[in-house]
Amino acid sequence: MGIKGPKGTHDIIFNDINKWHKIESKLTELMKLYDYSEIRTPIFESTELFLRGVGDTTDIVDKEMYTFLDKGNRSITLRPEGTASVARAFIEHSGYNEVLPSKFYYIGPMFRYSRPQTGRYRQFHQFGVEVIGSINPYLDGEVLELMMNIFTSLGINNLNLEINSVGCPVCRPIHKENLKNYLKNNYNDLCPTCQTRYEKNPLRIFDCKNEKCQEIISKGPLITDHLCNDCNEHFDKVKNYLNMTNVEYTINKKMVRGLDYYTKTAFEITAGREGAQSSIGGGGRYDGLIEELGGPSLPGIGFAIGLERVVLTMEEQGLFDNQLKTKEKVYVANVSENNLDAAVKLVSELRHNGILAINDIMSRKLKAQFKYANKIDADYVITVGDDEIKNNIYPLKNMNTGEQIFCNINELIINLRGV
RNA sequence: GUGGGUGUAGUUCAGUGGUAGAGCGCUAGUUUGUGGUACUAGUUGUCGUGGGUUCAAAUCCCAUCAUCCACCCCA
């Protein structure tokens, strides 16, 4: 069978690339409207960046990183997410000395070592946005509204935005202690993973699917009910922004997110897919991250969306069906091998006049060339033969209507330029 | 990392112990320089890989790899 792509990777090839182009062009179009600029960071970084940035109690760092030593014995990791790299680049290039806030977007491959399944790959692609330098809750609102605008602009239905506040360094430690005190009595009834969570990161017990754990945790204290004044006000203003801009959302008081750096606003979005991998985007505020990575104390917020999942969702919702062709296609057929040179010259001339034109490169007979033109969805066929060359009169056939008109080369160009 | 399903032509799959198959696709042809339909012909396989059982294995058994699905986690 020859060599196959490594486990968990996939090729975007043939018709599929058009789906990606459609999404990507919509993304860049929207980024211009919101005035975000692209940032391109390396796909590998020092392992330490993710240990400190993402957090070493997270599953991503714990068991999903592609880490290796390079030839200089440096520990390198293929990026599992984008935020840490953006933060690192921002600090490294003293973004804090530039006008704030910094508004970035990125798009590119991410890498996580886990068992592949629907909507999940080892190399997958994320689009993400990061804004650094503003603590204003209306920024949270803007970022959320932007994310929803992306999905709705792509035509995606059944969107469900869930938001929550996970507190800040003032209120979260207190809540953590409360939670631990509450859970102490039920410790033995927790599942084994939650028992370790109890020690390392008790908030994540909210994520457990185990019924018993859910029953226990559902009676426990919720962070949202014990936020400090600052966090409470912040959360209220975020909700206000969403209400003003008609963004629908639900509050999920149990949502905690898998990355350690989140503070205050956290959110996640699904798009109606049943069960597995329904999440197509998520993010939150990370007010401590820049400082944690050695920069000044600057707040930040961002989100990432999983492009494979967007493609999947759009396929399921039938959003790729009537893709508009961007350009009309002209096929120049040659009656015999003798006319090939003339066809090539004509094609070249058409192309230099901004017309999409192609000619036979498979030595097909005339009839087969027409079949081919049909298969590749050509809109027009020009036939080049001895008589045409001699008289400078070429048949121009409209492949959709079947009509054929005759004109000279200049008229061909004039006719085709307009289409 | 845990559990389950599936590996046969480019693709979707049939074949359950006895000569390797079908649809779709692709290529060509159906006389003279014009496509979509129809008809005809052709095309690609170490039946995932390695071992075992058997006179005989695509078929049964074991292993392995790949892939898909679910859990975990996330996008």
Side-chain angles (χ1 to χ4, degrees), chain A residues 1-10 13-14 54 57-65 79-83 107-128 147 151 191-194 197 201 204 207-210 255-259 267-271 273-283 302-313 331 333-336 338-339 362-388 394-404:
Chain A
M1 251 312 186
I3 299 171
K4 293 188 199 162
K7 192 184 180 89
T9 64
H10 70 294
I13 190 174
F14 302 133
V54 179
T57 66
T58 62
D59 279 31
I60 292 176
V61 169
D62 219 32
K63 52 185 194 187
E64 294 185 352
M65 293 214 298
R79 61 181 185 192
E81 57 102 54
T83 305
I107 183 165
M110 304 294 163
F111 304 84
R112 290 181 203 176
Y113 190 92
S114 62
R115 283 272 279 273
Q117 58 183 282
T118 308
R120 197 163 76 198
Y121 299 90
R122 288 182 174 181
Q123 173 172 340
F124 61 103
H125 298 80
Q126 285 188 335
F127 167 88
M147 184 173 73
F151 294 127
C191 73
T193 36
C194 283
R197 279 171 176 154
N201 193 351
R204 291 203 59 79
D207 275 345
C208 191
K209 300 270 161 51
N210 185 303
M255 182 174 60
V256 293
R257 296 202 30 96
L259 289 77
F267 51 92
E268 196 166 323
I269 178 143
T270 58
R273 285 167 47 66
E274 287 299 314
Q277 278 78 55
S278 57
S279 165
I280 57 174
F303 67 79
I305 74 184
L307 295 178
E308 276 81 0
R309 292 183 187 177
V310 170
V311 171
L312 209 64
T313 304
Y331 184 89
N334 53 296
V335 174
S336 77
N338 298 334
N339 310 122
M362 292 295 283
S363 304
R364 290 183 165 97
K365 290 187 181 174
L366 185 62
K367 188 166 190 163
Q369 290 183 57
F370 268 83
K371 281 193 180 182
Y372 175 74
N374 199 55
K375 267 177 203 156
I376 62 168
D377 206 17
D379 300 281
Y380 295 92
V381 174
I382 299 168
T383 307
V384 175
D386 291 340
D387 294 344
E388 286 80 0
Y394 298 84
L396 173 64
K397 182 166 186 174
N398 182 322
M399 294 296 276
N400 302 316
T401 63
E403 282 169 32
Q404 190 163 268

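Every chain is numbered from 1, with letters handed out A, B, ... down the list of sequences.
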Applying a 3.5 Å limit to both distances, which nucleotide forms a Watson-Crick or G-U wobble pair with B:G45?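 Here B:G45 is not engaged in any pair, so there is no nucleotide opposite it.
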Would you please name every residue forming a salt bridge (Lys or Arg N to Asp or Glu O under 4.0 Å) with A:K63, sequence neighbours left out?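 A:K63 satisfies salt bridge (Lys or Arg N to Asp or Glu O under 4.0 Å) with A:D59 once adjacent residues are dropped.
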Contacts of type salt bridge (Lys or Arg N to Asp or Glu O under 4.0 Å), residue A:D386, not counting sequence neighbours: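 Here no residue qualifies.
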For the [atom1] atoms, the ones on [N] and on [M], what distance do you get once it is rounded to whole angstrom?
N: B:C26; M: B:A56; atom1: P; answer: 43 Å
N: B:C71; M: B:U16; atom1: P; answer: 35 Å
N: B:C65; M: B:G50; atom1: C1'; answer: 10 Å
N: B:A41; M: B:G23; atom1: P; answer: 11 Å
N: B:A58; M: B:G18; atom1: C1'; answer: 13 Å
N: B:U30; M: B:G35; atom1: P; answer: 12 Å
N: B:U59; M: B:G15; atom1: P; answer: 14 Å
N: B:A66; M: B:U53; atom1: P; answer: 27 Å

What residues form a side chain to side chain contact (heavy atoms under 4.5 Å, CB included) with [X], not counting sequence neighbours?
X: A:K7; value: A:P116, A:R122
X: A:R364; value: A:D360, A:M362, A:A368, A:Q369, A:Y372
X: A:A304; value: A:Y106, A:Q126

Atom-to-atom span, [atom1] of [X] to [atom2] of [N] - whole angstrom:
X: A:H10; N: B:C68; atom1: NE2; atom2: C1'; value: 15 Å
X: A:R120; N: B:C72; atom1: CZ; atom2: C1'; value: 8 Å
X: A:I60; N: B:G1; atom1: CD1; atom2: C1'; value: 16 Å
X: A:I107; N: B:A75; atom1: CD1; atom2: P; value: 16 Å
X: A:I305; N: B:A75; atom1: CD1; atom2: C1'; value: 9 Å
X: A:K63; N: B:G1; atom1: NZ; atom2: C1'; value: 6 Å

Show which side-chain atoms of residues 395-404 of chain A pair as donor or acceptor with protein atoms under 3.5 Å away, not counting sequence neighbours.
residue	atom	partner	partner atom	Å
A:N398	OD1	A:N400	N	2.8
A:N398	OD1	A:T401	N	3.1
A:T401	OG1	A:E403	N	3.2

Find out whether A:I305 and A:F151 are in side-chain contact, i.e. whether some heavy atom of one side chain is under 4.5 Å from a heavy atom of the other.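 In contact.
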Can you find a heavy atom in the side chain of A:H125 that is under 4.5 Å from one in the side chain of A:P109?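 In contact.
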Report yes if at least one side-chain N or O of A:Q117 is closer than 4.0 Å to OP1 or OP2 of B:A70; otherwise report no.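 Yes, A:Q117 has a side-chain N/O under 4.0 Å of OP1/OP2 on B:A70.
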Write down the atom of A:A333, the atom of A:F370, and the distance for their closest heavy-atom approach.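 Heavy atoms of A:A333 and A:F370 come nearest at CB-CE1, 4.5 Å.
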Over all atoms of both residues, closest heavy-atom pair of A:V335 and A:G385: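 That closest heavy-atom pairing would be CG2-CA, 3.7 Å.
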My understanding is that only residues two or more places apart in sequence, or in another chain, count here; which of them pass ring pair (Phe, Tyr, Trp, His ring centres under 6.0 Å) with [X]?
X: A:F124; answer: none
X: A:F303; answer: none
X: A:Y394; answer: none

Let me spell it out: for each of A:Y113 and A:R122, pick the nucleotide of RNA chain B with the closest heavy atom. Which residue's pick is nearer the 5' end?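 Looking at the nearest nucleotide for each, A:Y113 comes out on the 5' side.
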Where each residue is assigned the nucleotide of RNA chain B containing its nearest heavy atom, which of A:R364 and A:R112 is assigned the position nearer the 5′ end?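 On the 5' side of the pair lies A:R364.
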Table of protein N/O atoms under 3.5 Å from nucleotides 64-67 of chain B N/O atoms:
residue	atom	partner	partner atom	Å
B:A66	O2'	A:K4	NZ	3.4
B:U67	OP2	A:K7	NZ	3.4

Using nucleotides 4-7 of chain B, report all nitrogen or oxygen pairs with the protein that are shorter than 3.5 Å.
none

Touch class at under 4.0 angstrom, heavy-atom based, for A:A304 against every strand present: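 Sugar-phosphate contact only.
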Which nucleotides of nucleotides 30-43 of chain B have their base under 4.0 Å from a protein heavy atom (B), which only their sugar-phosphate (S), and which neither (-), written as one string 5' to 3'? B--BBBB-------
